[in-house]
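See structure below.
Per chain, numbering begins at 1; letters A, B, ... match sequence-line order. Values below: all heavy atoms of this structure, side chains included; hydrogens, waters and symmetry mates excluded. Note that the coordinates shown come from a computational prediction; the quantities given were computed from them, not determined experimentally.
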Number of protein chains: 2
Amino acid sequence: MVQKKKSPAAASSATVEAPAPKRRGRPRAYEPDVALAKALDLFRKDGFAGTSLDDLSAATGMNRPSLYGAFGDKRELYIKTYQRYRADARAAMQDIFKVELPIRKRLQRIYDVALDIYLSGEEGPRGCFTVMTAASEAVADPDIRAMVLEGFGELDKAFAICFRRAKETGELPASADPDALAQMASATIHTIAIRARARTPRKQLEQIVRGAIDLMCGAAKR
Amino acid sequence: MVQKKKSPAAASSATVEAPAPKRRGRPRAYEPDVALAKALDLFRKDGFAGTSLDDLSAATGMNRPSLYGAFGDKRELYIKTYQRYRADARAAMQDIFKVELPIRKRLQRIYDVALDIYLSGEEGPRGCFTVMTAASEAVADPDIRAMVLEGFGELDKAFAICFRRAKETGELPASADPDALAQMASATIHTIAIRARARTPRKQLEQIVRGAIDLMCGAAKR
DNA sequence: CTTTTTTTGTACCATTTCGCAAATAATTCC
DNA sequence: GGAATTATTTGCGAAATGGTACAAAAAAAG
């Protein structure tokens with residue numbers, strides 16, 4: 001659950017600004033959520049430098065001053081779209097990560113979802129925002145770098161939990177190193193994300209995933 | 001050995017244009033090789049869209065018309081730099097790939113070289129051209145896509161040879177799948193390339209490599 | 001109805017960007 | 001030395017780019 005616009009009865013006090021029944025001035029002609037989603041698509045497809053404000057304006061239906069007013073300048077908008085992407089990806093993954101399943105099935109599901117995310121897109125596979133554009137920006141931009149590193153860390157940690165659990169249930173031998181396995185699991189995510197972007201067919205990516213799962217779990221679950 | 005400018009006695013007939021002792025008109029004020037290397041650095045750092053012809057002009061010392069005359073338009077130049085990058089990387093790797101060593105040592109060396117390549121750079125780690133910018137362009141540009149896919153294939157194949165060899169020497173069990181192992185080895189390359197770009201410290205990357213090698217070779221060489 | 005508040009729409013600005021044309025310079029061939 | 005050839009230099013120009021100023025529009029509040 002990322003953030004919706006309306007909830008029937010919102011009583012919390014803090015930053016929840018959504019249910020405001022009456023705003024003061026002229027109403028917005030756009031929905032920030034969908035506009036941000038459109039911007040995300042563009043940045044993900046063309047990268048930061050490759051996406052112009054005109055492109056963004058056209059895609060969101062907002063003209064440039066509105067864009068600016070709503071999200072700040074180009075870099076701020078980029079960062080907001082990236083935050084949104086990560087929130088969405090995290091949400092999509094979280095459900096699957098927390099389902100208790102045999103380790104192989106669990107990994108299989110995770111990679112299925114990842115492939116869905118990476119391969120979707122009207123004009124070709126969109127790939128992974130982090131891997132495709134954010135990592136590039138990370139060299140020069142400390143804020144983006146922090147987010148990217150955090151993303152890597154979260155993924156590693158989530159996988160590590162899975163493997164630790166599998167050790168507890170005896171699916172993996174006591175000698176297995178959950179952290180090392182987790183990094184290989186992340187590496188598998190990264191490699192399919194990159195290859196997807198170059199239009200490697202899904203079948204082939206699934207085959208890579210199978211090989212990786214066999215390698216990570218094979219020694220034990222054979 | 002990629003291509004140098006002068007060799008004392010070049011007698012081959014084909015495309016080897018280097019030793020031409022007398023060119024017809026005004027001599028070039030630049031060396032194509034070093035200019036291309038400068039351009040490569042820029043593209044690798046800032047990507048295709050993020051690098052302007054003015055940047056390239058400043059870095060190479062050639063003004064725009066010269067650039068244009070020597071390498072064609074921006075896209076052609078980009079492609080030429082990428083070809084150069086891959087030729088260099090291939091050359092750097094080839095020596096190491098072909099040295100016969102115990103599989104672990106061999107992998108260790110390969111990853112060492114990879115890390116050297118990815119972490120070098122004055123203004124921060126340069127990462128891998130393929131992973132950082134070329135893969136992004138690959139969605140929309142068929143020519144670049146072909147090169148990128150070829151690159152992935154070459155890497156997979158090179159690793160597969162290593163693993164096959166290790167099976168022959170008995171370092172890996174007969175049950176090992178060289179192609180699957182090779183894809184994991186490539187995945188490890190990819191993950192360190194991406195993480196390097198986000199300034200993950202070398203120590204940490206080396207630790208990932210260690211874990212990966214243990215996983216890939218562990219079952220056998222223990 | 002008027003005022004206040006917030007957003008939109010139009011237009012504009014300074015700069016950058018890519019590409020090229022025309023003139024100039026340096027070198028070889030005759 | 002002159003013609004031919006190849007590179008460089010200067011400068012132009014049309015389009016795109018990021019950003020903003022300002023007036024008009026749409027709603028609530030008084």
Nearest-neighbour nucleotide for the [X] side chain, [options] considered:
{"X": "B:Asn63", "options": "D:dT17, C:dC18, D:dT10", "answer": "D:dT10"}
{"X": "A:Asp54", "options": "D:dT17, C:dT8, C:dT27", "answer": "D:dT17"}
{"X": "B:Pro65", "options": "C:dC20, D:dA21, C:dT27", "answer": "C:dC20"}
{"X": "A:Arg64", "options": "D:dT20, D:dT8, D:dG19", "answer": "D:dG19"}

Whole-Å distance between [N] [atom2] and [X] [atom1]?
{"X": "A:Phe71", "N": "D:dG18", "atom1": "CZ", "atom2": "C1'", "result": "17 Å"}
{"X": "A:Tyr30", "N": "D:dA26", "atom1": "OH", "atom2": "C1'", "result": "15 Å"}
{"X": "B:Leu53", "N": "D:dC12", "atom1": "CG", "atom2": "P", "result": "19 Å"}
{"X": "A:Asp55", "N": "D:dG18", "atom1": "CG", "atom2": "C1'", "result": "12 Å"}
{"X": "A:Leu67", "N": "D:dT20", "atom1": "CG", "atom2": "P", "result": "13 Å"}
{"X": "B:Asp73", "N": "C:dT17", "atom1": "CG", "atom2": "C1'", "result": "14 Å"}
{"X": "B:Met62", "N": "C:dA25", "atom1": "CE", "atom2": "P", "result": "20 Å"}
{"X": "B:Leu56", "N": "C:dG19", "atom1": "CG", "atom2": "C1'", "result": "14 Å"}

Revision key, fill the gap. Between A:Lys74 and B:Ala29, the residue closer to the 5' end of DNA chain D by nearest nucleotide is B:Ala29

Point to revise | B:Asp116 and B:Arg202 ion-paired at < 4.0 Å | key: yes

Point to revise | NZ/NE/NH1/NH2 to OD/OE distance under 4.0 Å, B:Asp88 and B:Arg84 | key: yes

So, is [X] close to the [N] phosphate, meaning a side-chain N or O under 4.0 Å from OP1 or OP2?
{"X": "B:Tyr68", "N": "C:dC18", "answer": "no"}
{"X": "B:Ser66", "N": "D:dT8", "answer": "yes"}
{"X": "A:Arg23", "N": "C:dT6", "answer": "no"}
{"X": "B:Ser52", "N": "C:dT17", "answer": "yes"}

Check your understanding: Contact class for B:Ser57 vs. all strands (heavy atom < 4.0 Å): base, sugar-phosphate, or nothing?
Key -> nothing

Practice item. Looking only at non-hydrogen atoms, find the nearest pair between B:Ile194 and B:Val131 and report the distance. Key: CG1-CG1, 3.5 Å

Practice item. Indicate the atoms forming the closest heavy-atom contact of A:Met184 with B:Met184, along with that distance. Key: CE-CE, 3.1 Å

Check your understanding: Any donor-acceptor pair under 3.5 Å between the side chain of B:Arg26 and the base of C:dA25?
Key -> yes

Exercise for review: Establish whether the base of C:dT28 is bridged to the side chain of B:Arg24 by a donor-acceptor pair shorter than 3.5 Å.
Suggested key: yes

Review point. For atom CD of A:Glu123, is the number of surrounding heavy atoms from other residues, nucleotides or ligands below 6.0 Å larger than 12?
Key: no

